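Comments concern the structure below.
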Amino acid sequence: MSKEKVLFLAAILAHWSAIILCLGLATGETGCRLEDQTDFVCEDKMKKSMLEHARALIPALTNSLYKGSAGRIAVVGGSYEYCGAPFYAAKSTLRAGADLAFVFCTQAAATPIKSYSPELIVLPCLDGGDDELQKAIDRLPGIHALVLGPGLGRDPQVFEAATKLIEHSIEMKIPLVLDGDLLFLLSTSKSLRETITGYEAMILTPNAMEFERIYASVFPNSSESGKSIRFSGDDLLKHPELQSAKNSDSGLLLTTAEVDAITNHSDHPMHRLVQLARKLGGPTILQKGAIDMISDGKYVAANGASGSPRRCGGQGDILAGTSGVFLNWAMSRDMGKGDQVSSQVVAAFAASFLVRKANEIGFSKLKRSMVTPDMIEELGKAFEMLFPTNVEKSNPKL
């Protein structure tokens, strides 16, 4: 039997075993992971669904917690033109379960953002020079994760400030989410790409166009650069093995070897996603689209939960903010050596699933008139549906 047929049959076996497990008809399986990019190494470990992995990230609520225990998340963004994006991202962190939300923004954006909500701690520091930026740097030791890019704008001074925050955060090993205008900077700045290469506590959240810019900057001589900018969900999932990612209740997880066997095309979006993740050698990429695809270069998770056809502005900001919350929880929690997928991939998947569920709920009520604040208000309900609250009783001693 040829190697291609072996890989193809392995992909089918792993996928259908996962489905049986999700239905509660099996208690275990032989999962496969890729080692040295060439060989399958099998291990007798239960292959959980992606949703089960995600539920394992959520910290329990107890009476012993203190303010900030569930997360202190800072959003770096906000400019003269764009004040809503950082607000949406920061507000979403609170709705997803973080305790405190900060916004590091420009001076022009500070007052509007403060007026939107008294819950946000707003610091205008991105365009006031080194002294003002130092105020944000001094805050970093108390921050659990940074979300950089929503509404950031493209002012060179602001880009320089955001880059310094990234550099300091990496030195302090603070989890990072890069979104929006920060991804534009990533596609144009070789030094920034070199800075983030190899840093694992990071999620990138590009849309189709942002992904293409980054891909072209990393592979400038590739004949595939510029291809596949627009793939519909049906185009993406032409192979029967990938169809289950669409409208799945638990998501799809594949090894990169399974992706190679199934797609069999170097210009297929999944293949190119893996290629870019491998090249960056650390950050996990959450590529937004009809099907959200996530990869750390070793595994690919796909989420095609229904959501809605409504495409109002700001939905990506919700995803960025919630990704920061889940990434903090993921990096703070030991997933266990038996888990075959990284915590970062699980965190990105959890955020993707949560946002799509909130989108679905909001659209069911308001249809065409649904806007992003409506989705934010549904995050709590969506969270409880996907990740039921675990309250651990404790008896504090006086």
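Values below: all heavy atoms of this structure, side chains included; hydrogens, waters and symmetry mates excluded. All values derive from a computational prediction rather than experimental measurement.
Checked by atom type and distance alone, the side chain of Ser79 pairs as donor or acceptor with a backbone atom of Gly151 at under 3.5 Å. In terms of modelled atom types and a separation under 3.5 Å, the side chain of Lys173 and the main chain of Ile170 share no donor-acceptor contact. In this structure, the side chain of Trp329 does not engage the main chain of Ala347 through any donor-acceptor pair within 3.5 Å. Between the side chain of Asp99 and the backbone N or O of Lys67 there is no donor-acceptor pair closer than 3.5 Å. In terms of modelled atom types and a separation under 3.5 Å, the side chain of Arg72 and the main chain of Leu100 share no donor-acceptor contact. Side-chain atoms of Thr372 come within 3.5 Å of backbone atoms of Gly313 as a donor-acceptor pair (strictly under, hydrogens ignored). Checked by atom type and distance alone, the side chain of Ser69 pairs as donor or acceptor with a backbone atom of Tyr66 at under 3.5 Å. Here the side chain of Ser308 pairs no donor or acceptor atom with the backbone of Glu360 at under 3.5 angstrom.
Closest approach of Gly321 to Thr93, counting heavy atoms only: O-CG2, 3.4 Å. Residues Ser352 and Asp292 approach most closely at OG-OD2, 2.6 Å, considering heavy atoms. Residue Asp317 comes nearest to Pro150 through the heavy atom pair OD1-CB, 3.7 Å, listed as atom of the first residue, atom of the second, then distance. Of all non-hydrogen atoms in Leu319 and Thr322, the two that sit nearest each other are O-OG1, 3.1 Å. For the residue pair Arg356 and Ala290, the shortest heavy atom distance occurs at NH2-O, 3.2 Å. Residues Gly307 and Asn359 come closest through the heavy atom pair C-OD1, 3.2 Å.
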Worked verdict on Ile285 versus Ile203 for side chain to side chain contact (heavy atoms under 4.5 Å, CB included):
CA-CA 6 Å; Ile285 304 173; Ile203 295 175; over 6 Å; no

Show, in sequence, the C-alpha distance, side-chain angles and deciding distance for Leu140 and Leu146, and conclude whether the side chain to side chain contact (heavy atoms under 4.5 Å, CB included) test is met.
CA-CA 9 Å; Leu140 291 181; Leu146 260 69; 3.8 Å; yes

Quick one, Asp179 with Lys288, criterion salt bridge (charged side-chain N to carboxylate O under 4.0 Å, His left out). Give me CA distance, side-chain angles, the key distance, then yes/no.
CA-CA 11 Å; Asp179 181 63; Lys288 298 177 287 192; 3.6 Å; yes

The test is salt bridge (charged side-chain N to carboxylate O under 4.0 Å, His left out); show your working for Asp374 and Lys365 and say whether it passes.
CA-CA 10 Å; Asp374 300 318; Lys365 295 179 179 180; over 6 Å; no

Pair Tyr215, Leu273 - check side chain to side chain contact (heavy atoms under 4.5 Å, CB included), show working.
CA-CA 9 Å; Tyr215 188 92; Leu273 172 64; over 6 Å; no

Show the numbers, then the answer: is there a side chain to side chain contact (heavy atoms under 4.5 Å, CB included) between Leu152 and Phe159?
CA-CA 8 Å; Leu152 188 67; Phe159 273 164; 3.9 Å; yes

May I have the step-by-step check of salt bridge (charged side-chain N to carboxylate O under 4.0 Å, His left out) for Lys381 and Glu384, ending in yes or no?
CA-CA 5 Å; Lys381 183 176 182 179; Glu384 192 62 24; over 6 Å; no

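If you chain together hydrophobic residues whose side chains sit under 4.5 Å apart, Ile113 and Val371 never meet in one group. Side-chain heavy atoms closer than 4.5 Å link hydrophobic residues (I, L, V, M, F, W, Y) into clusters, and following such links, even through other members, never connects Leu65 to Ile73.
Using a 4.5 Å heavy-atom threshold, the side chains of Lys298 and Val274 count as separate. Proximity of Asn390 to Arg55: side-chain heavy atoms (C-beta onward) are nowhere separated by under 4.5 Å. Side-chain atoms of Glu378 and Lys357, non-hydrogen and from C-beta on, never get closer than 4.5 Å to each other. Between Val76 and Val147 there is no side-chain heavy-atom pair separated by less than 4.5 Å. For the pair Pro175/His144, no side-chain contact is recorded, criterion being any heavy-atom separation below 4.5 Å from C-beta on. Val177 is not listed as a side-chain neighbour of Met202, based on a closest heavy-atom distance of 4.5 Å or more. Residues Phe326 and Phe353 fail the side-chain proximity criterion, which asks for heavy atoms closer than 4.5 Å. No side-chain heavy atom of Tyr299 sits less than 4.5 Å from a side-chain heavy atom of Ile294.
One finds no salt bridge joining Asp296 and Arg278 here, because no Lys/Arg side-chain nitrogen approaches an Asp/Glu carboxylate oxygen to under 4.0 Å. Between Glu212 and Arg272, at least one side-chain N (NZ, or NE/NH1/NH2) sits under 4.0 Å from a carboxylate O, which counts as a salt bridge.
For residues 72-103, the ring-ring contact (aromatic ring centres under 6.0 Å, His included) pairs, not counting sequence neighbours, are Phe87-Tyr116.
Counting non-hydrogen atoms of other residues, nucleotides and ligands closer than 6.0 Å to NZ of Lys279 gives a total of 12 or fewer. More than 12 heavy atoms of other residues, nucleotides or ligands lie within 6.0 Å of CZ in Arg193, so this atom counts as buried by the packing criterion.
A cation-pi arrangement is not found for Arg213 relative to Phe184, the charged atom failing to lie both closer than 6.0 Å to the ring centre and inside a 45° cone about the ring normal.
Rounding to the nearest 0.5 angstrom, the gap separating the CE atom in Met375 from the CG atom in Leu354 is 9.0 Å. How far CG of Leu57 is from CE of Met331: 11.0 Å, rounded to the nearest 0.5 Å. Taking CE of Met370 as the start and CZ of Phe363 as the end, the distance is 7.0 Å to the nearest 0.5 Å. Taking CG from Asp155 and CG from Leu126, the interatomic distance works out to 10.0 Å, rounded to the nearest 0.5 Å.
Side chains of Asp138 and Gln134: a donor-acceptor N/O pair is present below 3.5 angstrom, by distance only. No side-chain donor-acceptor contact under 3.5 Å links Glu210 and Ser187.
In this structure, Met385 belongs to a hydrophobic cluster whose other members, linked by side-chain heavy atoms under 4.5 Å apart, are Ile361.
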